[in-house]
J.: 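Please read through the structure below; I'll follow up with questions.
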Amino acid sequence: MSFAQSDKAEHEINVTIPEVALLGLVSESDKAVSMQPMMATEAGEAVVLNEISSSRIWVNYSSIISEATPRRKVVAVIQGELPKGLTLKVAASAFTGSGKGKLGTPAGLVTLSNQPTDVIVDIGSCYTGKGINNGHYLTYQLEKEDDENAYAMLSAQNTAVNVVYTLTDYR
């Protein structure tokens, strides 16, 4: 006959996963985007303003959400003033790259202003991957305003504005 002792020991393990909200813009070259209209080549022609587009900036982000904040979005704001008569629009591509998780959905072609505008929505816990060819590709369009007098408001100038992107919680 054998006898064994019955004894046990235990300890607690705490697991902490931090909330994360990181955003970066990357480019193959300079992050500055230059937009110039097609010049008129003959007297009587208009400067072509509705076909100016540029894209080479990628949005990368990392997100860990909480129960209190189940979704995030990327918003954009213009800092500075566009020349009178013009609007700046941006569209984010569908996600591409090596990321995983609940990646965001592009909001479509949106007009930027000095108020936050949704660019990518419905972001959960995810990461896009780092660098070019990961995340969402941004395409900018510079257009003449729909106003009948927009062309008359144009003047020759060289203007720079900043577009600021923020990964933020849904409110």
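Here the structure is a predicted model, which is why all the values come from computation and not from measurement.
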J.: At what distance, to the nearest 0.5 angstrom, does OG of S29 lie from CD1 of I132?
T.: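 Atom-to-atom, S29:OG and I132:CD1 are 9.5 Å apart.
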J.: Which residues end up grouped with V164 if you chain together Ile, Leu, Val, Met, Phe, Trp and Tyr wherever their side-chain heavy atoms are less than 4.5 Å apart?
T.: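 ILVMFWY cluster around V164 holds nothing else.
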J.: Side chains of T117 and Q115: does their closest heavy-atom pair fall under 4.5 Å?
T.: no
J.: Applying salt bridge (Lys or Arg N to Asp or Glu O under 4.0 Å), name anything that partners K89, two or more places apart in sequence or on another chain.
T.: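 Salt bridge (Lys or Arg N to Asp or Glu O under 4.0 Å) list for K89, sorted by chain: E143.
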J.: I need the T166 OG1 to K73 NZ distance, nearest 0.5 Å.
T.: 11.0 Å
J.: Could you list the residues that satisfy ring-ring contact (aromatic ring centres under 6.0 Å, His included) with Y137, not counting sequence neighbours?
T.: W58
J.: Does H136 use its side chain to pair, donor to acceptor, with the backbone of S93 at less than 3.5 Å?
T.: yes
J.: Just verifying a value: how many Å separate K130 NZ and S98 OG, rounded to the nearest 0.5 Å?
T.: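 Result: 11.5 Å between the selected atoms.
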J.: Which residues pass the salt bridge (Lys or Arg N to Asp or Glu O under 4.0 Å) test with R56, sequence neighbours left out?
T.: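 If we apply the salt bridge (Lys or Arg N to Asp or Glu O under 4.0 Å) test to R56, skipping adjacent residues, there are no hits.
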J.: How close do Y165 and A76 get, heavy atom to heavy atom, and via which atoms?
T.: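 Heavy atoms only, the tightest pair is CE2-CB, 3.5 Å.
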J.: Please determine which of I65, V74, T128, T168 meets the side-chain contact (heavy atoms from CB on, under 4.5 Å) test together with I123.
T.: V74
J.: Give, for atom OG1 of T96 and atom CG of N133, the distance between the pair rounded to the nearest 0.5 Å.
T.: 7.0 Å
J.: What pair of heavy atoms forms the shortest contact from N60 to G129, and how long is it?
T.: CG-O, 3.5 Å
J.: Working to the nearest 0.5 Å, report the span between OG of S66 and CD1 of I17.
T.: 12.0 Å
J.: Not counting sequence neighbours, which residues clear salt bridge (Lys or Arg N to Asp or Glu O under 4.0 Å) with K102? List them please.
T.: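 For K102, the residues satisfying salt bridge (Lys or Arg N to Asp or Glu O under 4.0 Å) (neighbours in sequence not counted) are D122.
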J.: Tell me whether the NZ or CZ atom of K100 lies within the 45° cone about the ring axis of Y127 and under 6.0 Å from its centre.
T.: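 Cation-pi check for K100 and Y127: fails.
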J.: Restricting to side chain to side chain contact (heavy atoms under 4.5 Å, CB included), what partner residues turn up for A91, sequence neighbours left out?
T.: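 Applying side chain to side chain contact (heavy atoms under 4.5 Å, CB included) to A91 gives L109.
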